[in-house]
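See below for the structure under consideration.
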Amino acid sequence: MRSVTYSMNVSLDGYIVGPDGGFDWTVPDEEVFRLATDEVREAGVHLLGRRLYETMLYWETADQNPSLDFSTLEFAAIWKALPKVVFSTTLSAVQGNARLVSGGLAEEIERLRAEPGAGDIAIGGATLAAEAAEAGLIDEYRARVHPVLVGGGVPFFPQHGRRVDLELVETRTFSSQVVYVRYRVTRH
C-alpha cells in the first residue's frame with residue numbers, strides 16, 4: 001500500500017509560513033534542494049491545497065528559463081511530470097499535469113492507495129495536511145527544520161487534539177544548519 005507523506009520546510013518553532021505570510025527563510029541551499037528534489041522524485045502523486053498549488057505554479061514554466069542551473073531545471077522537469085491533485089472549492093481549472101477535486105480527501109487517498117502504482121502519495125499544504133492528519137491518513141512526517149524562530153503563522157503540525165506516536169526513520173544535518181527529520185507514524 002502506498003504511503004502518505006507530509007513534507008515541508010518548517011521553522012524551529014513549528015511554522016511553515018511566518019505571521020506576515022513570508023517564507024523567505026526557507027530558501028534552500030544546494031544540499032537541501034537536492035533532498036527536496038529526491039523527495040519529489042520518489043512521489044507517485046502530489047496532493048496540494050489551493051495556496052500551495054498557486055505557489056508551485058512557477059515550476060510549470062521554469063524550464064523555459066535558460067539561465068537556470070541544472071539542479072533547478074531537473075527539479076522543474078520532475079515536478080512538471082508528476083501527477084498532481086489539487087483540492088479547492090474556489091478554483092475552476094488547473095494547469096499542467098494536475099486535476100481539480102473539490103472535496104473528499106479521505107476518499108481520494110483511499111482511491112490512490114488502491115490503484116496500482118509506484119511512489120508515495122505526497123501531501124502538501126498545512127490545511128490539507130491537517131485534514132489528512134485528523135483522519136489518521138498521514139504515514140510519514142518529513143520536516144526540513146530551519147534555524148529560525150518566526151513567532152507565529154501557519155503551523156506545520158496540525159492541532160487536532162489527539163496523540164500521534166512516531167518512530168524516527170532518518171535525520172540529516174546540512175551545512176546550512178537545516179536539520180532534516182523523518183518520522184513514521186506508529187500504528188497500534
- Query: Is any side-chain heavy atom of L105 closer than 4.5 Å to a side-chain heavy atom of L128?
  - Reply: yes
Side-chain donor-acceptor contacts of residues 42-51 below 3.5 Å, not counting sequence neighbours, with atom names and distances?
from : atom 1 : to   : atom 2 : distance (Å)
R50  : NH1    : E54  : OE1    : 2.8
R51  : NH2    : T127 : OG1    : 3.1

- Message: With heavy-atom distances below 4.5 Å as the criterion, would you say the side chains of L12 and V148 are in contact?
- Response: no
- Message: Could you check whether any side-chain heavy atom of F75 comes within less than 4.5 Å of a side-chain heavy atom of T72, counting everything from C-beta outward?
- Response: no
- Message: With rounding to the nearest 0.5 angstrom, report the CD1 to CZ distance, I16 to F157.
- Response: 11.0 Å
- Query: Do you know which two heavy atoms are closest between Y58 and L68, and how far apart they sit?
  - Reply: OH-CD1, 3.9 Å
- Item | Partners meeting side-chain contact (heavy atoms from CB on, under 4.5 Å) with Q95 (sequence neighbours left out) | Y53, L57
- Message: Could you walk me through whether D139 and V185 satisfy the side-chain contact (heavy atoms from CB on, under 4.5 Å) test, starting with their C-alpha distance in whole Å, then the side-chain angles of each, then the deciding distance to 0.1 Å, before giving a yes or no?
- Response: CA-CA 5 Å; D139 299 303; V185 174; 5.5 Å; no
- Rounded distance (nearest 0.5 Å) linking atom OG1 of T5 with atom CD1 of I123: 9.0 Å
- Message: Does Y183 form a side-chain contact (heavy atoms from CB on, under 4.5 Å) with E140? I'd like the steps, not just the answer.
- Response: CA-CA 6 Å; Y183 287 95; E140 281 191 11; over 6 Å; no
- Query: Do T90 and S88 meet the criterion of a side-chain donor-acceptor pair at a distance under 3.5 Å?
  - Reply: yes
- Message: Quick one, I121 with R113, criterion side-chain contact (heavy atoms from CB on, under 4.5 Å). Give me CA distance, side-chain angles, the key distance, then yes/no.
- Response: CA-CA 8 Å; I121 300 167; R113 281 185 167 163; 3.7 Å; yes
- Tell me, please, which residues at least two apart from Y15 pass ring-ring contact (aromatic ring centres under 6.0 Å, His included). none
- Message: I need the full list of salt bridge (charged side-chain N to carboxylate O under 4.0 Å, His left out) pairs touching residues 57-73, with sequence neighbours left out, sorted by first then second residue.
- Response: E60-K84, D63-K80
- Message: Taking side-chain hydrogen bond (donor to acceptor under 3.5 Å, both in side chains) as the definition, give me every residue that meets it alongside S67, ordered by chain and number, with sequence neighbours left out.
- Response: N65
- Looking only at heavy atoms, what is the nearest atom pair of I138 and R187, with distance? O-NH2, 3.1 Å
- Query: How would you list all residue pairs meeting salt bridge (charged side-chain N to carboxylate O under 4.0 Å, His left out) that involve residues 1-18, not counting sequence neighbours?
  - Reply: none
- How would you list, by chain and number, every residue that makes a side-chain hydrogen bond (donor to acceptor under 3.5 Å, both in side chains) with E115, sequence neighbours excluded? R111
- Item | Heavy-atom pair of closest approach, residues A132 and I109 | CB-CD1, 4.4 Å
Solution key, residues 32-41 side-chain donor-acceptor pairs under 3.5 Å, sequence neighbours excluded:
from : atom 1 : to   : atom 2 : distance (Å)
T37  : OG1    : F33  : O      : 2.9
D38  : OD1    : R41  : NH1    : 2.6
E39  : OE1    : S7   : OG     : 2.6
E39  : OE1    : R144 : NH1    : 3.0
E39  : OE2    : S7   : OG     : 3.3
E39  : OE2    : Y180 : OH     : 3.0
R41  : NH2    : E74  : OE2    : 2.5

- Specify the closest pair of heavy atoms between G18 and V150, including all atoms of both residues, with the distance to one decimal. CA-CG2, 4.0 Å
- Task: To the nearest 0.5 angstrom, please state how far the OH atom of Y141 sits from the OH atom of Y6.
- Result: 8.5 Å
- Message: Could you tell me if the side chain of F23 sits less than 4.5 Å from the side chain of N9, heavy atoms only?
- Response: no
- Note on the structure: Applied to residues 21-32, the salt bridge (charged side-chain N to carboxylate O under 4.0 Å, His left out) test, sequence neighbours excluded, yields none
- Note on the structure: Shortest non-hydrogen pair, P155 vs A126, comes out as O-CB, 3.6 Å
- Task: Mind jotting down which residue pairs meet the salt bridge (charged side-chain N to carboxylate O under 4.0 Å, His left out) criterion with at least one end in residues 164-179? Sequence neighbours excluded, please.
- Result: R163-D165, E167-R184, E170-R172, E170-R182
- Kindly give the cluster partners of V169, where membership spreads through any ILVMFWY side chain lying under 4.5 Å from a current member. none
- Can F174 be reached from V27 by stepping across I, L, V, M, F, W or Y side chains whose heavy atoms are under 4.5 Å apart? no
- Looking only at non-hydrogen atoms, find the nearest pair between G152 and P19 and report the distance. O-CD, 3.0 Å
- What residues, two or more places apart in sequence or in another chain, satisfy salt bridge (charged side-chain N to carboxylate O under 4.0 Å, His left out) together with D120? R142
- Message: Grouping I, L, V, M, F, W and Y whenever their side-chain heavy atoms are under 4.5 Å apart, do V179 and L168 come out in a common cluster?
- Response: yes
